[in-house]
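Single-structure report; data block below.
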Protein chains: 2
Amino acid sequence: MPSAAFRSGVPDHGRVPKYYAVKARILAEIAELGVGAPLPPERDLAARYTVARSTVRQAISELTIEGRLSARQGRGTFVAKPKVIQPLSLHSYTEALRDMGYEPSRTVTAFDVVPAGDEVSAALAIGPGAPVVHLERVLLADGEPLGLESTYLAAERYPTLMDVLDPAGSLYRCMQEELGVVWAEATERIETALASPREALLLQTNPALPMLLMQRVSRDPAGVPIECVRALYRGDRIGFETRLRA
Amino acid sequence: MPSAAFRSGVPDHGRVPKYYAVKARILAEIAELGVGAPLPPERDLAARYTVARSTVRQAISELTIEGRLSARQGRGTFVAKPKVIQPLSLHSYTEALRDMGYEPSRTVTAFDVVPAGDEVSAALAIGPGAPVVHLERVLLADGEPLGLESTYLAAERYPTLMDVLDPAGSLYRCMQEELGVVWAEATERIETALASPREALLLQTNPALPMLLMQRVSRDPAGVPIECVRALYRGDRIGFETRLRA
DNA sequence: AAGTGGTCTAGACCACTCC
DNA sequence: GAGTGGTCTAGACCACTTG
């Protein structure tokens, strides 16, 4: 990127931190390794580049956030597969992943009825503390965790839900076919976030790794909230795509 | 979050790193301080909690990524303003920010004609190396940088663009009113990313802070690409919202 | 048991801001 | 010059995986 005709008065005094040079050298090593190949251990890289191990770790940390590397405690650090790109649309998780050649699956980590907290009760337009069905699932692609999805539904609005829902199956299909609920629209919000230690554990990742936090409220044709969802996706493994019309 | 009926075989053995406890204590301090108030210096916090300074730094780093704190070298660390939420729609930056009570502005950091790189030429459906107009601007809210937007347009498709465009004004209005270009649809992709040192400098932030990278290709009614945009937004300061219809 | 990444320490120097 | 956050070092111990 040379280029300059207009320039704001930005100094840009070539100072780059040392870990940035290390990052460039590791990036060059990655280019010569195939996907899944192990990177040399951090201690070796530190010795080879004659820097401290924590300097190597900072470089590796950034490459991990960028989705180029993937570290596993006790095993090593490996060249990562390219990021998955998921379309933003009403209920697309399994089809979208299958289209990209991944095998999608889900693991249920919670399925119960709990009192609604403030945010959930506001989103679902029910009283605070009213009972809500809570379904939490880990979303996987080829067995690797990509996201953690927590869905909340008003229990009194769907009194038979706990009986008819198979928590491992499709929530949408069950709601539509068993309960006749029609999805009309959703408001979805995306931002960066960090995982809690529990969430990081479920996602088999590290709490320092940035996540994409998606919060969604879905409504039926009358505008009544059907569900609110809090989903945390691994920022190093997935991105989202949407099509906008004028 | 107690709750458990279904449980995957996740250990969840209460181990939390020490920096996580420090983070909770700093969060409690933040709650008692107002927006814009200074946090005690890192060295003081380390002494008060009897931990190493780098442990405090890791906690502060996560709170910064989460948008709760904002550090400025040489000055201190401050309680941050809440995140801005920007609607995902075709051309909304100024109106959306004004609706939220912010004063939007832009700074031009580059405006020139350059040969298209591989990605840009593919996105614009032109030959590699063909000339493209490149407009790079910093987007600000109340004088604070929120994003860095790089727009590329095929120079041969809009031969008078460099003459009629005021780089500080609205690109959309100029294209529509001066050149009669009609926006029909756009494909937008969002993922996490890191800034380069130059980008971090322009955004007055730190290269380790996760960003939201948005890449957009806009098309006219005939499907011809009008522009491709690479925009980097500060993950600690902005999120995006979209409305989906069935 | 050996080797890996994850956390933590104690201390140093640098770059920047303010007085 | 004093005080701040940003980078870097050298070393330690822990948790986890594999042989």
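So that the names make sense, note that chain A is the first sequence line, chain B the second, and so on, each numbered from 1. Small disclaimer: the values here were computed from a predicted structure and weren't measured. Worth knowing before you read on, the calculation uses all heavy atoms, side chains too, and leaves out hydrogens, waters and symmetry mates.
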Check your understanding: Looking only at side-chain N and O atoms, does B:R57 come under 4.0 Å of OP1 or OP2 in D:dG6?
Key -> yes

Exercise for review: Examine D:dT18: is either OP1 or OP2 under 4.0 Å from a nitrogen or oxygen in the side chain of A:R75? Give yes or no.
Suggested key: yes

Revision key, fill the gap. Taken to the nearest whole Å, CZ/A:R72 to C1'/D:dC16 is 12 Å

Practice item. Kindly say if B:T77 contacts the phosphate of D:dG5, meaning a side-chain N or O under 4.0 Å from OP1 or OP2. Key: yes

**Study point:** D:dT9 OP1/OP2 closer than 4.0 Å to side-chain N/O of A:K18
**Key:** yes

**Study point:** Side-chain ion pair, A:R216 and B:E241, N-O less than 4.0 Å
**Key:** no

Exercise for review: Answer yes or no: is there an ion pair linking A:E199 with A:R234, defined by an N-O contact shorter than 4.0 Å?
Suggested key: no

Check your understanding: Is atom CD of B:E119 surrounded by more than 12 heavy atoms (other residues, nucleotides or ligands) closer than 6.0 Å?
Key -> no

Review point. A:L201 has an atom CG; how far is it from atom C1' of D:dC16, in whole Å?
Key: 12 Å

Review point. Rounded to whole angstroms, how far apart are CG on A:L39 and P on C:dT4?
Key: 12 Å

Check your understanding: Got a salt bridge between A:R57 and A:E62, using NZ or NE/NH1/NH2 to carboxylate O under 4.0 Å?
Key -> no

Review point. Is A:R137 reaching over with its side chain to a backbone N or O of A:P167, donor-acceptor style, under 3.5 angstrom?
Key: yes

Review point. Starting at CG of A:L63 and ending at P of C:dG5, how long is that distance when rounded to a whole Å?
Key: 14 Å

Practice item. Would you kindly give the CD-to-C1' distance between A:E42 and D:dA15, to the nearest whole Å? Key: 14 Å

Revision key, fill the gap. Between CD of B:E62 and P of C:dG6 the distance, given in whole Å, is 14 Å

Check your understanding: Do B:H134 and B:T151 meet the criterion of a side-chain donor-acceptor pair at a distance under 3.5 Å?
Key -> no

Name the pairs: protein N/O against N/O of nucleotides 10-12 of chain C, kept only if under 3.5 Å.
from	atom 1	to	atom 2	distance (Å)
C:dA12	N6	B:R53	NH1	3.3

Exercise for review: Rounded off to whole Å, could you give me the CD1-to-P distance for the A:I60 and C:dT7 pair?
Suggested key: 14 Å

Check your understanding: Among the nucleotides D:dG6, C:dG5, C:dT9, which one has an atom lying closest to any side-chain atom of A:Q73?
Key -> C:dG5

Review point. Strictly by modelled atom types, are A:T109 and A:E136 linked by a side-chain donor-acceptor pair under 3.5 Å?
Key: yes

Review point. Can you check the A:Q204 CD to C:dG6 P distance for me, whole Å?
Key: 14 Å

